[in-house]
Amino acid sequence: MIQVRPSEQMRGLGVVQRGAPVLAESARAFDLPAEREAAEQVIGQLFSAMERIGQVHPFAKGMGLAAPQIAIGRAAAVVQPPSPAAPAIVLLNPRIADRSNDEDERYEGCLSFFDVRGQVPRPLRITVETTTLEGRLVTTTYELLRDCV
């Protein structure tokens, strides 16, 4: 029986792995609303990739995927919270505007470094600025739920 490394399984699902140049480059922001159609296409590709990944490897604690992880060098990401009933969070041109000094550290993995897991410190609260498809700037504060990590 041939054993496939988990990272190769992710690569087969369309997730680029460590060492790919797109992961080291700055993602290009969308000019919204002018590039609305391009942003919608990227969002669709992210959801499609997450669906493929979820069929092979379900993530009970949620999943996040950024466009560079599927070889698209644009500033977009989708986060599926742990609760299946919770709507996915779409982030276009995300920028962390503020973060708490208080952190929590847990073992995590990354779809693009799938053979590696490690302790990752996360702020308990972050404020993120994003752009809507209509070009409006939105500021949202997220709090880490210790029960979910």
Side-chain angles (χ1 to χ4, degrees), residues 1-30 32 35 38-133 138-149:
M1 181 168 150
I2 297 175
Q3 189 113 11
V4 177
R5 288 179 60 125
S7 59
E8 290 303 316
Q9 185 181 45
M10 281 298 123
R11 184 176 280 119
L13 294 169
V15 179
V16 298
Q17 295 300 299
R18 69 175 155 185
V22 70
L23 296 176
E25 299 165 0
S26 293
R28 191 165 50 94
F30 290 97
L32 295 166
E35 290 188 291
E40 288 174 335
Q41 288 176 354
V42 171
I43 293 166
Q45 290 173 293
L46 285 165
F47 276 111
S48 178
M50 288 176 76
E51 177 69 27
R52 284 191 311 273
I53 295 163
Q55 289 176 1
V56 174
H57 190 68
F59 294 92
K61 295 181 179 180
M63 177 185 356
L65 187 65
Q69 291 180 277
I70 57 171
I72 301 170
R74 298 304 299 263
V78 175
V79 177
Q80 180 57 59
S83 169
I89 300 166
V90 175
L91 305 166
L92 295 172
N93 301 338
R95 184 183 79 77
I96 296 176
D98 190 31
R99 57 178 281 156
S100 67
N101 290 326
D102 296 330
E103 294 182 335
D104 189 35
E105 193 170 286
R106 301 287 174 124
Y107 274 99
E108 290 187 25
C110 175
L111 296 173
S112 290
F113 289 73
F114 207 65
D115 296 329
V116 179
R117 288 185 58 80
Q119 291 275 5
V120 179
R122 297 282 183 193
L124 295 181
R125 181 189 38 75
I126 61 169
T127 300
V128 180
E129 292 179 349
T130 59
T131 310
T132 67
L133 290 168
V138 175
T139 302
T140 308
T141 298
Y142 299 97
E143 297 208 20
L144 183 67
L145 300 176
R146 290 180 190 239
D147 296 349
C148 295
V149 291

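Put simply, CG on L65 and OG on S112 are 7.5 Å apart, with the number rounded to the nearest 0.5 Å. The CD atom of Q119 sits 9.0 Å away from atom CG of D104, with the distance rounded to the nearest 0.5 Å. Separation of atoms CD1 (I72) and CG (L46) is listed at 6.0 Å; rounding is to 0.5 Å. Taken to the nearest 0.5 Å, the CE atom of M10 stands 13.5 Å off from the CZ atom of R5. A distance of 9.0 Å separates CD in E143 from OG1 in T127, rounded to the nearest 0.5 Å. The CD atom of Q9 lies 7.0 Å from the CZ atom of F114; values are rounded to the nearest 0.5 Å.
Proximity of V79 to Y142: side-chain heavy atoms (C-beta onward) are nowhere separated by under 4.5 Å. For the pair T141/D98, no side-chain contact is recorded, criterion being any heavy-atom separation below 4.5 Å from C-beta on. In this structure the side chain of D115 never reaches within 4.5 angstrom of the side chain of Q17, judged on heavy atoms. Looking at heavy atoms from C-beta onward, V116 lies in side-chain contact with R18 at the 4.5 angstrom threshold. Residues L23 and Q69 have side chains in contact (heavy-atom distance under 4.5 Å, counting atoms from C-beta outward).
In plain terms, the two heavy atoms of A75 and A29 that are nearest each other are CB-CA, 4.0 Å. The heavy-atom pair separating L144 from P123 by the smallest distance is CB-O, 4.0 Å. Nearest approach of V16 to P68, heavy atoms of both residues: CG2-O, 3.4 Å. The shortest non-hydrogen separation linking P81 to P87 is CD-O, 3.5 Å. Contact record, L111 with G64: CD1-O, 3.8 Å, taken as the closest heavy-atom pair.
Under the 4.0 Å criterion applied to side-chain N and carboxylate O atoms, R125 and D102 are not assigned as salt-bridge partners.
Of the possible donor and acceptor atoms, none in the side chain of R28 sits under 3.5 Å from a partner among the backbone N and O of R74. Remark: the backbone N or O of R106 is not paired with any side-chain donor or acceptor of E108 at under 3.5 angstrom. At distances below 3.5 Å, not a single donor-acceptor pair connects side-chain atoms of Q80 with backbone N or O atoms of K61. The closest donor-acceptor contact from the side chain of S100 to the backbone of L124 lies under 3.5 Å. For N93 (side chain) and F30 (main-chain N/O), a donor-acceptor pair under 3.5 Å exists by modelled atom type.
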Mind running side chain to side chain contact (heavy atoms under 4.5 Å, CB included) on L92 and I43 for me, showing each step along the way? CA-CA 9 Å; L92 295 172; I43 293 166; 4.0 Å; yes
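Residue R52 qualifies as enclosed at atom CZ: its count of foreign heavy atoms under 6.0 Å is above 12.
Defined by atom type and a distance below 3.5 Å, a donor-acceptor pair is missing between the side-chain atoms of Q41 and Q45.
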